[in-house]
2 protein chains.
Amino acid sequence: MSQTVDRALSILPLLAEGPADLGQVADRLGVHKSTALRLLRTLHEHGLVYRQSDQRYRLGARLFALAQEAMENLDVREIAHPHLVRLNETCGHTVHLAVYEENEVLYIDKVESRYPVRMYSRIGKPVAITVAAVAKLLLADLPEHERRAVAEKLDYPTYTSRSTPNAGAFLRELEKVREQGWATDLGGHEESINCVAAPVRGADGRVVAAMSVSAPNVVVTADELLTLLPLVRRTADAISGEYSGRTPVKGTV
Amino acid sequence: MSQTVDRALSILPLLAEGPADLGQVADRLGVHKSTALRLLRTLHEHGLVYRQSDQRYRLGARLFALAQEAMENLDVREIAHPHLVRLNETCGHTVHLAVYEENEVLYIDKVESRYPVRMYSRIGKPVAITVAAVAKLLLADLPEHERRAVAEKLDYPTYTSRSTPNAGAFLRELEKVREQGWATDLGGHEESINCVAAPVRGADGRVVAAMSVSAPNVVVTADELLTLLPLVRRTADAISGEYSGRTPVKGTV
DNA sequence: ATGAAGGTTGCAAGCACTGCAACACCGCTG
DNA sequence: CAGCGGTGTTGCAGTGCTTGCAACCTTCAT
């Protein structure tokens, strides 16, 4: 909608791939070097890009700080956190909290497993949307037409033999998840890792977040992990209750 | 340098404080509502802001993803990580890795303490620059005039009675740190928490990062923590060696 | 129903952005 | 040392993008 800003912002994902020099940026934007220079300067002044010693540009520190601040302002996260910790203390496995936003699902909190074998993930990282248990819950709650639209648009990478193969299968899975009110991922992302997940709902019943417990096969079998389902659901319900109970408008300055 | 982009980017820190509606954004930018709307739309298209159900804007998911990706592309971090984990396995305490960038010091990696009492910190969060041990090391390495300039510009919050009180004291501390090649923070940020830190150097001897071990008084006394200094320094040196050894230009697309 | 508050759209005017071209600054090579 | 290619930077004039306005729309409360 705004050409200049549009161009400037296009630089960010470009730099996320790795450092680049002025020429490269200008080329990939399809603008003159001088134009790219001025855009980069503006981004620089705001701390969003940083000029390293070899003069190449990369993303800057303020970006982290912004993401950080934004994360801490999420109400659900704040409310859920103590519950997640408690759940982790009970079962010992990795606990995740995730939200859906514009075709992406991302982790907004995580409590590490207390077992030595841990799974890799990171707060802020987009989730494997077609297979993750939390993603299924979040997408299953979308209105039917939107759900279908999203499912059609997605790629379906074959992480393992049990990954969701295509939109049709995904939509059926979402339907099932929608009815049963919980979801699993049994080796659909990483062969040896299983998850069980339950939804966190707002006062209106809409799913606002989803939480999951994940553990590798070497620690507990899928069946053993499933025995935790009631506990996970109870935790999610507790969070839902607290979240819908009060509606703090703490953001109002 | 570019008015439009400048205005658009000014919206980000504003939203980091909390969600805001169109009017508020327009007011704080000092522009007409329609202008603010168009800027917000552009930011929205790039996923940097998100429009929540009550129509108010807040920072968007892509921001997290960007910050995340940028973080993973930092060479030092990648090289250092296994060393940090090993150090944590040996001593059990919280281990941090931090870098300096444009008047800010921020954590780029962290391995959690294995003791139940943990300190609060978060990757990406700016560090208390006037007291943290890692910050002292990073600033101590700046050229003299720049070091002075930065020190003058900083605020010196009194976190505890042992916090660095002013620029003069800070510069003297930096001089000391510079000579001895390591740094401590003994209750300067939180009364009961102590840290020891050592620098990671590039091939040219410049400090590119700093790492620290932190532990609360209730777990180990400051004196006990200091006995870890040789271990911390050895770890930092190992990282330095590996970092300066190879210079992978992995970012070249 | 009526009004107020906030969000959205079309439009004309002006200025901020763009691309150009010339310059400055390396590091190389003959 | 001079010449040269590559890269980053700056002044300038034209124009296309951005801006503020005003009118319109939606929603909510009275």
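Residue numbers start from 1 in every chain, and the chains themselves are labelled A, B, ... in the order their sequence lines are given, proteins ahead of strands. Since the model is a prediction, treat every value here as computed from it, not as a measurement. Quick note: numbers below take in every heavy atom, side chains included, and nothing from hydrogens, waters or symmetry partners.
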Polar side-chain atom of B:Ser212 near backbone of B:Val134 as donor-acceptor pair, under 3.5 Å: no

Heavy-atom donor-acceptor pair, B:Arg178 side chain to B:Ala140 backbone, under 3.5 Å: yes

Residues in salt bridge (charged side-chain N to carboxylate O under 4.0 Å, His left out) contact with B:Lys33, at least two apart in sequence or another chain: none

Validation row: A:Glu102, B:Arg62 side chains within 4.5 angstrom (heavy atoms): no

Set of salt bridge (charged side-chain N to carboxylate O under 4.0 Å, His left out) partners for A:Asp54, sequence neighbours left out: A:Arg56

Phosphate-side-chain proximity, A:Arg41 and D:dT10, N/O vs OP1/OP2 below 4.0 Å: yes

Exercise: identify the closest heavy-atom pair between B:Asp141 and B:Arg206: OD2-NE, 2.9 Å

Angle between terminal axes - the helix from C:dA1-D:dT30 to C:dG30-D:dC1, 5 pairs each end, rounded to 10°: 30°

Under 3.5 Å donor-acceptor, B:Asn166 side chain and B:Gly168 backbone: yes

Side chains of B:Leu39 and B:Leu29 in contact at under 4.5 Å (non-hydrogen atoms): yes

Donor-acceptor contact below 3.5 Å, side chain B:Asp21 vs main chain B:Gly23: yes

Interatomic distance, A:His44 NE2 vs D:dG8 P [rounded to whole Å]: 15 Å

First and last nucleotide of DNA chain C, 5' to 3', lying under 4.0 Å from heavy atoms of chain B: C:dG7 to C:dC17

Could you go through residues 2-16 of chain B and list every donor-acceptor pair under 3.5 Å that involves a side-chain atom there, pairing it with any protein atom two or more places apart or in another chain?
unit_1  : atom_1 : unit_2  : atom_2 : d
B:Asp6  : OD1    : A:His46 : NE2    : 2.5
B:Ser10 : OG     : B:Asp6  : O      : 2.7

Where protein sits on nucleotides 18-30 of chain D, one letter per nucleotide: B base, S sugar-phosphate only, - none, heavy atoms under 4.0 Å: SBBBB--------

